[in-house]
Amino acid sequence: MSQAQPSTLSTLTKKQNAALRNLTIMGYLEGTSFLLLLGIAMPLKYMLGMPEAVSYVGPVHGVLFVAYIMVLIITAGRIKLPLWALPAGVLGSFLPFGPFVFDHLLKKRLVQ
């Protein structure tokens with residue numbers, strides 16, 4: 001019978017947990033803005049000829065994308081994330097649902 005291993009998440013300091021929480025929040029915001037851009041704003045522009053949605057959602061998504069990458073880099077430094085995490089987080093930000101999948105995989109890996 002194997003003994004339970006202590007969770008890496010429980011051994012993180014308050015500062016590290018805060019950094020991970022900020023990364024999760026930014027990932028969800030960035031991922032949601034990307035889905036809004038792809039799923040609502042772009043179809044409105046190209047199918048219905050209403051470009052206004054893209055002019056609002058596009059810049060918001062751009063700011064959230066840059067903020068997400070910055071928070072990812074800061075978190076990677078504070079938590080000492082695995083080598084795969086930084087490129088995977090950046091790649092995930094270019095894919096629909098990518099930040100959500102990255103967050104799940106990162107937390108799953110950190111618990112092991």
(request) With the side chain counted from C-beta on, respond yes when Val90 and Leu72 share a heavy-atom pair under 4.5 Å apart, and no when they do not. (result) yes
Quick check on the hydrophobic clustering: are [X] and [Y] connected, directly or via other members, by side-chain heavy-atom contacts under 4.5 Å?
X      : Y     : value
Val54  : Leu64 : no
Leu95  : Ile69 : no
Val63  : Leu38 : no
Phe100 : Phe65 : no
Leu48  : Tyr56 : no

(request) Mind running side chain to side chain contact (heavy atoms under 4.5 Å, CB included) on Leu20 and Leu106 for me, showing each step along the way? (result) CA-CA 10 Å; Leu20 188 60; Leu106 179 63; 4.1 Å; yes
Separation between [atom1] of [X] and [atom2] of [Y], rounded to the nearest 0.5 Å:
X     : Y     : atom1 : atom2 : value
Trp84 : Leu91 : CH2   : CG    : 12.0 Å
Leu23 : Leu81 : CG    : CG    : 7.5 Å
Tyr68 : Phe34 : OH    : CZ    : 12.5 Å
Asn17 : Asn22 : CG    : CG    : 11.0 Å

Would you name the heavy atoms of [X] and [Y] that are closest together and state the gap between them?
X     : Y     : value
Gly92 : Pro99 : O-CD, 3.2 Å
Ser33 : Val57 : O-CG1, 3.9 Å
Pro43 : Leu37 : CD-O, 4.3 Å

(request) Check step by step if side chain to side chain contact (heavy atoms under 4.5 Å, CB included) holds for His61 and Glu30. (result) CA-CA 6 Å; His61 169 67; Glu30 193 274 337; 3.0 Å; yes
